Amino acid sequence: MDDLSQIRLEKLQKLEELGVPTYPYEFNKTHDFKEIIENYKQHSNEELEKVEQVFKIAGRIIALRKMGKSSFLHLFDGEEKLQIYIRQDMMPEKDYAVYKLLDIGDIIGASGKLFRTHSGELTLLAAELTFLTKSIHPLPEKWHGLQDKELRYRQRYLDLIVNPDTRKVFNLRSRIIQQIRLFFYQQGYLEVETPMMQPIPGGASARPFVTRHNALGIDLYLRIAPELYLKRLLVGGMEKVFEINRNFRNEGISMKHNPEFTMLEFYQLYKDFNYYMDLTENLISLLNKEFLEDGRIVFQGQEISLKPPYPRKKYMDLISEKAGISLEDLWDEEKLKAFIEKNMPTEDMPPTYGKMLELLFDHYVEASLQQPTYVTYFPKAISPLSKKSRQDSRETERFELYIAGMEIANGFSELNDPLDQRGRFEAQVKDREKGDDEAQLIDNDFLTALEYGMPPAAGEGIGIDRLIMLFSGADSIKEVILFPLLRPKTGLPGESGEPGEQAEAAGADETEPGARR
RNA sequence: GGGACGUUAGCUCAGUUGGCAGAGCAUCGCCCUUUUAAGGCGGUUGUCGCUGGUUCGAGCCCAGCACGUCUCACCA
């Protein structure tokens with residue numbers, strides 16, 4: 001315990017000696033700061049004098065300016081800040097004694113009337129003060145806030161207290177998700193929740209996290225996608241379903257990747273992928289209307305227009321154009337291999353044809369897709385769950401929406417032919433044997449479901465975190481996830497890092513799971 | 001996993017050629033009844049990430065480790 005905390009604990013002790021409840025149970029506030037500011041922002045001092053209402057408010061002290069027998073404090077209620085004015089001659093003696101023991105960071109309630117200061121700031125003249133909670137630790141500095149990204153993520157609560165923009169991002173996130181839900185509810189979609197723990201991780205190409213169910217004695221996987229379960233619901237007759245929930249992928253962490261991330265998936269019977277490209281444009285139009293001035297965003301210094309419609313370009317055409325390889329050669333595995341050997345000599349040769357295509361796409365195409373673009377008709381080799389194209393059986397009715405070089409959405413006409421699906425899974429098995437450890441696994445239970453008959457349907461997934469990045473201008477996915485995954489700290493700040501001991505201690509904890517709760 | 005950079009007071013950051021550990025804010029004391037990063041005067045505050053090495057002497061040089069940030073790879 002450092003000196004600063006010691007001093008604050010002593011103040012807490014003094015409050016107790018004064019008979020002040022130091023951890024009271026409730027405080028009946030009458031207004032949020034936002035309400036007060038919005039209702040009275042136009043009122044002059046004369047008008048405020050006529051307001052009879054007494055306002056009871058509560059918040060955390062984030063600034064404290066003492067001037068002899070009076071003080072101005074700024075309180076922060078999590079969303080807005082409001083100034084309160086304290087005068088010794090306007091307040092009960094006991095409350096003033098409490099005030100003198102306050103620190104920045106403490107949480108208090110106050111009641112009184114509103115007025116405007118000489119400089120025009122709407123301020124509450126405190127007639128009463130209620131102590132609510134002590135902050136034993138000092139807050140980060142008022143002017144620079146909390147800059148250290150690591151501390152901002154590890155101690156997000158501090159970030160939220162001292163960096164107002166952080167709160168704005170998460171408010172926006174909540175409102176966007178709310179609008180998305182509304183959008184689907186209004187079209188008659190049913191919101192569902194499907195398993196996070198799956199015996200066979202399916203629906204995407206990614207490495208899963210493994211976990212263990214002791215009672216059943218089986219390994220389970222945290223889901224990499226909800227897709228195969230949502231399609232079971234289509235078989236069951238749910239005509240329009242969506243799910244907003246976490247997916248888990250055991251991959252690297254980057255500005256665009258967090259191991260757990262939020263995915264919106266939605267499905268509708270009797271529709272195809274064209275319908276969902278249109279629907280996605282409608283959804284983004286709605287979000288534009290709600291959250292953007294003119295449908296434009298500035299993302300990493302670049303202006304991007306989110307105004308639909310978006311151009312639709314074939315996957316193979318894009319590679320052919322950007323990489324400078326003929327379509328004929330692109331469809332020929334041997335010629336493609338030769339192209340990679342010649343033009344990308346530093347790359348390891350991908351183990352499968354599909355991986356070769358992805359290599360070219362990532363290398364030549366992805367970064368060029370800054371303005372919103374639908375990439376369409378993905379080859380069958382890399383789309384094991386999509387229906388084959390009506391026009392070219394080598395391709396599928398699949399699209400991905402790219403914005404700012406990021407994949408935002410992925411949708412297709414869902415493959416509902418169980419025999420074709422089985423064949424696609426078997427092709428995936430072959431890919432796995434060739435060394436593609438992300439190839440999908442056969443899910444026989446899912447195939448059985450398809451065999452009962454899944455109507456034609458469209459399906460799509462949208463990466464919510466990335467969508468929020470676009471609308472908030474955040475340059476990192478960590479800025480839109482409250483608690484992004486960080487390596488756990490070994491030892492407390494100041495302690496010497498003895499990683500071996502720490503790991504051992506953590507391991508010992510794990511051996512008695514029952515003792516943990 | 002690779003590379004670059006970083007880690008100094010509660011926070012934001014300086015720290016020169018290797019020679020007493022610094023500033024602002026916070027905090028403590030005094031003054032101050034309309035301040036706005038309030039102001040004035042005076043104090044306190046450190047395992048310089050960890051471990052070792054070089055040196056008469058290391059925040060600074062060297063090695064290893066830990067953690068972070070950025071970036072590349074993989075992925076959405």
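Quantities reported herein were computed from a predicted structural model and do not represent experimental measurements. Throughout, protein chains are lettered first and strands after them, A, B, ... in sequence-line order, and every chain is numbered starting at 1.
Taking each heavy atom of A:Q428 and A:A381 in turn, the nearest pair found is NE2-O, 3.9 Å.
Contacts of A:E400 with the nucleic acid, taken as non-hydrogen atoms under 4.0 Å apart, are absent. Residue contacts shown for A:I408 are absent, as no nucleic acid heavy atom lies under 4.0 Å away. Among the heavy atoms of the strands lying under 4.0 Å from A:I7 are primed sugar atoms or P, OP1, OP2 only; no base atom is included. Within the 4.0 angstrom heavy-atom criterion, no nucleotide atom of any strand lies near A:K81. Residue A:D362 is in sugar-phosphate contact alone, with no base atom involved, counting any heavy-atom pair closer than 4.0 Å across all strands shown. At a threshold of 4.0 angstrom between heavy atoms, the contacts of A:K149 are confined to the sugar-phosphate backbone, with no base atom among them. Contacts of A:M90 with the nucleic acid, taken as non-hydrogen atoms under 4.0 Å apart, are absent. Counting any heavy atom pair closer than 4.0 Å across all strands shown, A:E260 reaches no nucleic acid atom.
In a base pair of the Watson-Crick type (N1 to N3 plus N6-O4 or O6-N4) or a G-U wobble (N1-O2 and O6-N3), with each distance short of 3.5 Å, B:rG52 is matched with B:rC62.
Here the nucleotide nearest the side chain of A:K142, chosen from B:rA76, B:rC25, B:rU12, is B:rC25. For A:S254, the listed nucleotide lying nearest its side chain is B:rA73; candidates were B:rU35, B:rA76, B:rA73. Checking B:rC67, B:rU69, B:rU35 against the side-chain heavy atoms of A:R154 singles out B:rC67 as nearest. Here the nucleotide nearest the side chain of A:K478, chosen from B:rU69, B:rU33, B:rC74, is B:rU69. In the set B:rU45, B:rU27, B:rU35, the nucleotide with an atom closest to the side chain of A:M67 is B:rU35.
Residue A:E150 places no side-chain atom within donor-acceptor reach of the base of B:rU69, judged by atom type and a 3.5 Å distance cut-off alone. Between the base of B:rU27 and the side chain of A:D103 there is no donor-acceptor pair shorter than 3.5 Å.
The cationic atom of A:K313 (NZ for Lys, CZ for Arg) does not lie both less than 6.0 Å from the six-membered ring centre of A:Y402 and within 45° of the ring axis.
The P atoms of B:rU54 and B:rA63 are separated by 15 Å, rounded to the nearest whole Å.
The separation between A:Q147 atom CD and B:rA14 atom P is 12 Å, rounded to whole Å.
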